[in-house]
Amino acid sequence: RIQRFGNIHGGNDNIKRVYHPAGKSPTLTTSTGGHRQPKTFVPPNSWRKLTPLECERLQTVPEGYTNHVSNTQRYKMLGNGWTVDVIAHILKGM
């Protein structure tokens, strides 16, 4: 299950939410600057953005699959994409 840890800079906007690393990741979205990338908690009391490599792993695409473009474009591509293993499972029944 998704374990939300808290927010950065107050507020309740989705872009300010920080999630606990022991939980599942929230949906990746097309993030465009402004610290909109998914964030995870770092003990004792900090946070960090997920790396493009971590986002590739969450989307089950091969590592380095998006490394031919800037990180901003990588986050957008991965946020716009489908989770490969989920789509493969759906199409397997056809």
Spell out, as yes or no, whether a donor-acceptor pair under 3.5 Å connects the side chain of [X] to the backbone of [Y].
| X | Y | result |
| --- | --- | --- |
| Thr60 | Thr83 | no |
| Gln73 | Ser70 | no |
| Glu56 | Leu78 | no |

Atom pair [atom1] ([X]) and [atom2] ([Y]), whose distance is rounded to the nearest 0.5 Å:
| X | Y | atom1 | atom2 | result |
| --- | --- | --- | --- | --- |
| Gln59 | Met77 | CD | CE | 11.5 Å |
| Thr66 | Tyr75 | OG1 | OH | 10.0 Å |
| Glu54 | Thr51 | CD | OG1 | 3.5 Å |
| Glu63 | Leu53 | CD | CG | 4.5 Å |

*Indicate, with yes or no, if Val84 and Met94 share a hydrophobic cluster defined by side-chain heavy-atom contacts under 4.5 Å among Ile, Leu, Val, Met, Phe, Trp and Tyr.*
no
